[in-house]
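In what follows, a structure is listed as structure tokens, so that the remarks can point back to it.
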Amino acid sequence: MTTSLRTRLILGIVGGMVLLLTIFILTVYILIQRALVNQFDSALLSTARILAASVETDANTIDLEDVQNMPEFNDPKYQTYYQIWEQDGKVMARSPFLGTDNLPRLEGSLNNGVFNKLTGRDRPERAVGLKFLPRSETGNESSSQPAANDKILILTVARGAGDLYNQLGLLRWLLFLASAIVIALSVLIAAFVVRQGLRPLHSIASEIAAVREDDLAARIGTASIPAEILPIKNRLNDLLSRLEGAFKREKRFTADVAHELRNPLAGIRSTIEVNLTRTRDITEYRSALSECLEIVENMQTMVNNLLLLARLDAKQISFQGEQVRLAELVNSCWRPLSKEATNHKITFENRIDPKITCESDRQNLAIILSNILENAVEYTDEGGQIRATGRQGEGSVEITVSNTGCRLNNEQAAQVFDCFWRGDSSRKDAGVHCGLGLALVDRIIKALGGSTTAEVENGGIFKIRLTLPAK
Amino acid sequence: MRLLVIEDYRPLQQSLLKGLREAGFAVDTAADGQEGLWYALNNDYDVIILDLMLPGIDGLKILKELRSKGRQSHVLILTAKDTLQDRITGLDQGADDYLIKPFEFKELLARVRALLRRSYRQKNPQIKIKDLRIDLTTQKVWRGRNEVDLTPREYALLEYLAMRAGEPISRTDIWEHVYEFKSAASSNVVDVYIGYLRRKIERPDKPLLIHTIRGRGYLLEGQP
């Protein structure tokens, strides 16, 4: 089966046309043929009846005097012949034009004819056969009760039907020709209609072809579109919107990455250039080099984070499941931060029940907790407080890390998981944190089958809540 | 010449500070928007080097604020934002120049010098006053055929006087344009440095160049 919609439609339309035409034409032909033949036959039958009525018999002979006076049987132009038999098959009389030919003996019932088409002679003829009771010459008119069955005669009357069959042949040809023309025309019309009908598809196709990957703002179907294609158009446009959104996010992300890399690069470059402007003593070079090293270390962290994000997005990271004691893990993640926290007089309180465990990937869970705690230390006010709490739910575990000194509102808090988003205001260390830590937290948690929320409570308490599946 | 660097990324801020100071400028720095705006509004800087993405108040807002308050300081935007639209917005908001990070320090210096020349309507990077010749690019000074060896501070003072040659300049003006905000110097220091400068530039056999104008300050001869 062809897959071309156009061919299918054309074949369907033309096939239907052919079928309908055939049925219609056959019906018309049969009706006309029947009417013509019936007309012919009834004329033939009445001729035969007249002939039968004109025949008189006595004991052994037949009187055809009246018949011989009937013009049909005396003029060859009427092409009408008869033959009369007795019941035993003996020919009683025949038309003089028949010569030695015999007509077939058609035995109809009494007074009712049977018809047949004859093709034996040089032209087609139709014949009617009937049985009749001839009048008796004795004048006994009573035919209600035939004296004897052997008086019954058999008559066949035939008439040339060349004209009838020629007419029917012509009719056949006419109908055939007409239907051939109609079908040929219907192929053309179907092709035209189908082409017109499918034009919106072509125009949509060319519109789709015109969509370029660098300009996804274009939408399909600005022109009028048939209702059947509307869903396709709408779905395509939805798809385009989603693609456009994804490309935009991708572009913005790339731009953000470039931007975030430019700052440290500018730092390294200008540190080096400034120090190269003149000869300096060794301590100056040393401090310049260690400054550059610090910048490079921060860049490295950022690049690692970006790589991790990319791998998470591409689902290229596999997780191992093991029983993790959360309180313990939080403590071990806090340890490297405690010195910095002490410097800023920040106190930390781990209130997670030591019994709470969950089955998860320890290493990635550690990245999550470290990032959250690091973020908390970064943004807690001097002398503030960080607190971790835990709750074992049904089939899930919840960890909440809260810190004081938050200056965000709830709307901003919802953005903390976006890449490169920063809480702004008083960053202590521009360039060290580039706004990837919490984005990573969010992506890893999702990859582990959990979720994150962030909110700000009254009094500037910032809360990040992690929900993890217990198993 | 006095500059302000508003830049929150510390390593960059510090290297700019060092490089610009070594190039003979008096440089103040600010690490966030509020501080930057305060400095910019309360001092008369010749050139402000402005980052756009700043904590507190962002760079464009600072620029707008400065221009709406009628500050004439030349502003050079130094940012990682590199799109055409960013550059157009920055310049249209009243910036005088736009440089994208990372940048070459020499180019930054050249652009700062160009802005300074523009501030004082001094198209020619060589200033000639009588037989005194100052090359603003190489920062070399000649009196007649003899090169004069000046310390950076003396050069800065001379450059400022030369940029405004022919008009009397108050001690406060000199102090504001040659000394940094955080320096302990007071305007008396100006007299001391004028003394040093005179000793190096004036010749007994040549006409006097730096005049003291009683009650108003100093004036460097204006006729070439």
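What you see below is based on every heavy atom in this structure, not just the backbone, and it leaves out hydrogens, waters and symmetry mates. In what follows, chains are A, B, ... by sequence order, proteins preceding strands, each numbered from 1.
- Atom CZ of Arg286(A) has 12 or fewer neighbouring heavy atoms from other residues, nucleotides or ligands inside a 6.0 Å radius.
- Surrounding NZ of Lys18(B) are more than 12 heavy atoms belonging to other residues, nucleotides or ligands, all under 6.0 Å away.
- The closest side-chain heavy-atom distance from Phe103(B) to Leu265(A) is not below 4.5 Å.
- No side-chain heavy atom of Met53(B) sits under 4.5 Å from any side-chain heavy atom of Asn263(A).
- Side-chain contact between Arg262(A) and Lys81(B): absent, with no pair of heavy atoms (C-beta onward) separated by less than 4.5 Å.
- No more than 12 heavy atoms of other residues, nucleotides or ligands lie within 6.0 Å of CZ in Arg121(B), so this atom counts as exposed by the packing criterion.
- Other residues, nucleotides and ligands place more than 12 heavy atoms under 6.0 Å from the CG atom of Asn410(A).
- Heavy atoms closer than 4.5 Å to chain A are found nowhere in Gln34(B), neither backbone nor side chain.
- There is no contact between Gln13(B) and chain A, counting heavy-atom distances below 4.5 Å.
- Residue Tyr196(B) places its OH atom among 12 or fewer non-hydrogen atoms of other residues, nucleotides or ligands, all under 6.0 Å distant.
- Separating the CD1 atom in Ile295(A) from the OG atom in Ser15(B) is a distance of 7.5 Å, to the nearest 0.5 Å.
- Side chain of Arg269(A) to backbone of Phe105(B): no donor-acceptor contact under 3.5 angstrom is found.
- Other residues, nucleotides and ligands place more than 12 heavy atoms under 6.0 Å from the CD atom of Gln316(A).
- Comment: Glu291(A) does not engage Arg10(B) in a salt bridge, judged by the lack of any side-chain N to carboxylate O separation of less than 4.0 angstrom.
- By the neighbour-count criterion of 12 heavy atoms within 6.0 Å, atom CZ of Arg311(A) is sparsely surrounded, having that number or fewer from other residues, nucleotides or ligands.
- When the shell of 6.0 Å around CG of Leu307(A) is examined, it contains more than 12 heavy atoms from other residues, nucleotides or ligands.
- Counting heavy atoms from C-beta outward, Glu273(A) and Lys106(B) have side chains that stay 4.5 Å or more apart.
- Of the inter-residue distances, the one linking Ser270(A) atom OG with Glu104(B) atom CD reads 11.5 Å to the nearest 0.5 angstrom.
- Only the side chain of Thr277(A) comes within contact range of chain B, with heavy atoms under 4.5 Å apart.
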